[in-house]
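Quick notes on the structure that follows.
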Amino acid sequence: MTTVQKILDGARKWLNFKEGKNNDNPFGKHFGANNVAYCNYFASYVLIVEAKINIAPCGYVPTSYAYFKKIGKLHKTPKEGDLVYFDFVRDGIPEHIGFVEKVNNGN
């Protein structure tokens, strides 16, 4: 199984997951930081636990964005299995993270 398949299969396991009261979730718990916004802990969990990629876990979206920018891993051509950052307020600081499941190439 390829790394991309491991990432996507690992993420898909959690489709329809609903956090508990006060942001209770298994991803933050796994890294010792429960009851916080968990999207970046989810991404860390999938990459580290499911896909066995050796990176440091991170719970804060701007921090992981800065890390991948620093090591030259950000790009504007998405591929399946890539992380995707969302900057909803368009201030240059992403607020959310997810995975690219499929690229439609404009179709």
Side-chain angles (χ1 to χ4, degrees):
M1 182 181 300
T2 68
T3 301
V4 170
Q5 289 170 318
K6 289 178 186 177
I7 291 168
L8 293 177
D9 288 349
R12 286 180 186 123
K13 286 182 188 179
W14 297 97
L15 285 173
N16 300 314
F17 168 77
K18 292 188 183 356
E19 66 187 335
K21 186 177 180 180
N22 194 27
N23 290 72
D24 183 48
N25 68 85
F27 319 112
K29 280 181 187 174
H30 182 82
F31 297 114
N34 195 21
N35 305 112
V36 297
Y38 68 88
C39 63
N40 213 109
Y41 278 125
F42 169 71
S44 292
Y45 182 90
V46 169
L47 295 173
I48 295 166
V49 175
E50 302 287 353
K52 310 293 186 224
I53 296 172
N54 186 20
I55 60 168
C58 183
Y60 188 52
V61 174
T63 300
S64 70
Y65 179 84
Y67 169 76
F68 287 114
K69 183 176 182 177
K70 181 180 177 181
I71 65 169
K73 295 293 185 182
L74 294 183
H75 56 88
K76 295 190 184 243
T77 307
K79 298 182 295 272
E80 292 179 359
D82 281 354
L83 291 170
V84 59
Y85 289 91
F86 299 92
D87 179 5
F88 296 120
V89 297
R90 297 177 186 255
D91 62 357
I93 302 169
E95 299 86 26
H96 191 58
I97 189 171
F99 290 99
V100 176
E101 181 176 25
K102 184 176 181 180
V103 178
N104 292 324
N105 293 320
N107 297 326

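Predicted model, so just to flag it, every value in this text is computed and none were measured. These numbers come from the heavy atoms of this one structure, side chains and all, not from hydrogens, waters or symmetry mates.
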For the [atom1] atom of [X] and the [atom2] atom of [Y], what is their distance to the nearest 0.5 Å?
X	Y	atom1	atom2	answer
Lys52	Leu47	NZ	CG	12.0 Å
Leu8	Glu101	CG	CD	6.5 Å
Trp14	Asn25	CH2	CG	9.0 Å

Using a 4.5 Å cut-off on heavy atoms from C-beta on, say whether the side chain of [Y] contacts that of [X].
X	Y	result
Phe27	Val49	no
His30	Ile48	no
Val4	Lys79	no
Ile93	Tyr65	no
Lys102	Glu80	yes
Tyr85	Lys69	no
Phe17	Phe42	no
Leu83	Phe99	yes

Exercise. Met1 and Val46: same hydrophobic cluster, using ILVMFWY side-chain contacts below 4.5 Å?
Worked result: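 Met1 and Val46: separate clusters.
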
Exercise. Linking I/L/V/M/F/W/Y whenever their side-chain heavy atoms sit closer than 4.5 Å, directly or via other members, would Phe68 and Tyr60 fall into one cluster?
Worked result: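 Phe68 does not cluster with Tyr60.
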
Exercise. Transitive ILVMFWY cluster of Val84 at side-chain heavy atoms under 4.5 Å: who else is in it?
Worked result: Phe86, Phe88, Val100, Val103

Problem set entry | Electrostatic pair Asp87:Arg90 at N-O distance under 4.0 angstrom |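 Looking at Arg90 together with Asp87, the answer is no, because their closest N to O distance does not fall below 4.0 Å.
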
Measure across [X] and [Y] and return the closest heavy-atom pair with its distance rounded to 0.1 Å.
X	Y	result
Ser64	Cys58	N-SG, 3.7 Å
Val61	Pro94	CG1-O, 3.6 Å
Val89	Glu95	CG2-OE2, 3.1 Å

Exercise. Just checking, any donor-acceptor pair under 3.5 angstrom between side chains of Asn23 and Glu19?
Worked result: yes

Exercise. Got a donor-acceptor contact below 3.5 angstrom from the Asn35 side chain to the Asn22 backbone?
Worked result: yes

Exercise. Where does the angle between the aromatic ring planes of Phe31 and Tyr41 fall among parallel (under 30°), tilted (30 to 60°) and perpendicular (over 60°)?
Worked result: parallel

For this session: Could you tell me which residues satisfy side-chain hydrogen bond (donor to acceptor under 3.5 Å, both in side chains) with Asp24, sequence neighbours excluded, listed by chain and number?
Result: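 Here the qualifying residues are Lys29, Asn34.
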
